[in-house]
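None of these values were measured; they are calculated from a predicted model.
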Amino acid sequence: MLKTQPLVIPELSVVVPVFNERDNIAPLVHEIVAALHSRLPFEIVYVDDNSTDDSLLRLKALREQVPELRVVRHLVQSGQSTAIRTGVKAARARWIATLDGDGQNDPADIPKLLEARASAAAEVRLFAGWRVHRQDSASKRWASRWANAIRSRLLRDATPDTGCGIKLFEREAFLELPYFDHMHRYLPALMQRAGWRTVSIPVNHRSRSAGISKYNNLHRAWVGIGDLRGVVWLIKRSRIPRAEEL
């Protein structure tokens, strides 16, 4: 009788949403493996948001080489927040690390977030990356500083860089948050609204080496105004329950 190998449940799931990132996929996957190999059992969950290039084909080919890699595909393009949520729902680990698919986040920072979690209080359920030295265009950096200043003033989430793609959070806590498009930009405020603490960790940031950005400053600003008003409303209407089982 053939013996089957026991299923190893990962301790960490790395979720990466991608849309038309064909040339960034393989380098980033190999960097994730290098950063986490021999540290803990992990899986990598890529969510292809209905790419129009050959990103999906490259992911399927890479899956044959990297046993930790899993691939989920959106049949209709649904946006980054939905792709992240799809990946988190598919993930098997209790804790999730997220990375942007453009390669600007450094997977070598994931162990730094894990070390921060090991020494943090139990009520901290989100460790957010903080791009201290951003490698973006001057206009993008200016727009980000402006948006962060307004967001911080209104939400009071004590988070200097809510837009950084590299984060570490508890899967269950994330899935209990209210879902809406672009919610990934407000995770610290939403986690705090749910009664959890969040911590910002300085991380590396790199220039994009291939492909093009899927956002522009005007689009971010226009969408962000409506989102911000909605999150402010959610926070004002929230009630954190305090209960015990008798």
Side-chain angles (χ1 to χ4, degrees), residues 8-17 28-46 68 80-81 84-85 87-89 91-136 144-145 147-149 151-152 155-177 183-206 231 235 240:
V8 177
I9 301 299
E11 295 180 22
L12 180 70
S13 296
V14 183
V15 173
V16 187
L28 187 58
V29 167
H30 290 307
E31 284 187 303
I32 295 170
V33 173
L36 298 177
H37 181 67
S38 299
R39 286 183 176 270
L40 77 174
F42 69 95
E43 65 178 1
I44 306 169
V45 182
Y46 259 73
E68 296 88 355
Q80 187 172 351
S81 282
I84 291 172
R85 191 167 189 266
V88 173
K89 290 175 71 175
R92 296 180 295 153
R94 179 188 170 193
W95 282 83
I96 308 292
T98 60
L99 295 167
D100 285 343
D102 57 12
Q104 290 193 258
N105 301 137
D106 190 346
D109 282 319
I110 296 177
K112 182 188 296 186
L113 300 184
L114 292 171
E115 290 170 5
R117 184 193 65 178
S119 59
E123 60 267 25
V124 180
R125 299 298 171 91
L126 169 67
F127 300 84
W130 173 11
R131 297 165 293 183
V132 180
H133 303 292
R134 290 192 59 172
Q135 302 300 312
D136 287 319
S144 182
R145 284 196 297 269
N148 275 319
R151 187 212 73 256
S152 180
L155 301 184
R156 302 183 185 278
D157 58 2
T159 304
D161 184 13
T162 190
C164 182
I166 182 168
K167 292 181 175 70
L168 175 70
F169 51 80
E170 186 190 46
R171 179 179 184 271
E172 182 179 358
F174 174 89
L175 291 176
E176 289 180 352
L177 299 178
M183 68 171 288
H184 68 281
R185 301 187 186 282
Y186 300 94
L187 285 186
L190 293 172
M191 282 285 190
Q192 292 170 25
R193 172 185 179 271
W196 305 116
R197 288 174 53 197
T198 67
V199 175
S200 293
I201 308 294
V203 295
N204 187 27
H205 190 240
R206 309 182 293 192
V231 175
I235 291 173
I240 300 174

Counting N and O atoms only, with roles assigned by atom type, does the side chain of Ser200 sit under 3.5 Å from a partner on the main chain of Trp130, one being a donor and the other an acceptor?
no

Is the closest side-chain heavy-atom distance between Phe169 and Leu187 below 4.5 Å?
yes

Beyond-backbone contact of Pro107 with Leu28, side-chain heavy atoms, under 4.5 angstrom:
yes

Give the minimum heavy-atom separation between Ala189 and Ile235, together with the two atoms involved.
CB-CD1, 4.3 Å

Are the side chain of Arg171 and the backbone of Val88 linked by a donor-acceptor contact shorter than 3.5 Å?
yes

Between Asp100 and Gln80, is there a side-chain heavy-atom distance shorter than 4.5 Å?
yes

Do any pairs count as a salt bridge (Lys or Arg N to Asp or Glu O under 4.0 Å) and have a residue in residues 30-39, sequence neighbours left out, and if so which ones?
Glu31-Arg206

Is there a side chain to side chain contact (heavy atoms under 4.5 Å, CB included) between Val203 and Asn105 once you walk through the steps?
CA-CA 8 Å; Val203 295; Asn105 301 137; 5.9 Å; no

Closest approach of Ala173 and Trp196, non-hydrogen atoms and distance?
CB-NE1, 3.8 Å

Arg185 backbone acceptor or donor facing Thr162 side chain under 3.5 Å:
yes

Note, Gln104 side chain near His205 side chain (heavy atom, < 4.5 Å):
yes

If we only count heavy atoms from C-beta on, is the Ile44 to Leu36 side-chain gap below 4.5 Å?
no

For residues 117-128, which side-chain donor-acceptor pairs fall under 3.5 Å, sequence neighbours excluded?
| unit_1 | atom_1 | unit_2 | atom_2 | d |
| --- | --- | --- | --- | --- |
| Ser119 | OG | Ala116 | O | 3.4 |
| Glu123 | OE2 | Arg197 | NH1 | 3.3 |
| Arg125 | NE | Ala122 | O | 2.9 |
| Arg125 | NH1 | Glu170 | OE1 | 2.6 |
| Arg125 | NH1 | Glu170 | OE2 | 3.3 |

Can you sort out the partners of Asn204 under side-chain hydrogen bond (donor to acceptor under 3.5 Å, both in side chains), two or more places apart, ordered by chain and number?
Asp106

Taking side chain as C-beta onward, heavy atoms only, is Arg193 less than 4.5 Å from Tyr186?
no

Does Leu175 offer a backbone N or O that forms a donor-acceptor pair with the side chain of Lys89 under 3.5 Å?
no

Least distance between heavy atoms, Leu12 atom then Ala97 atom
CD1-N, 3.8 Å

Nearest heavy-atom approach of Asp157 to Pro188 is OD2-CB, 4.3 Å

Given 3.5 Å as the limit, does a donor-acceptor pair link the side chain of Lys167 with the main chain of Ile96, or not?
no

Those residues at least two apart in sequence (or on a different chain) that pass ring pair (Phe, Tyr, Trp, His ring centres under 6.0 Å) with Tyr46 are none

Could you list the residues that satisfy side chain to side chain contact (heavy atoms under 4.5 Å, CB included) with Glu176, not counting sequence neighbours?
Glu172

For Leu168 and Ile110: C-alpha separation, side-chain torsions, deciding distance, then whether side chain to side chain contact (heavy atoms under 4.5 Å, CB included) applies.
CA-CA 8 Å; Leu168 175 70; Ile110 296 177; 5.9 Å; no

Check: Ser13 side chain, Ala93 main-chain N or O, donor-acceptor pair, under 3.5 Å:
yes

Who passes side-chain hydrogen bond (donor to acceptor under 3.5 Å, both in side chains) against Thr198, sequence neighbours left out?
Gln192

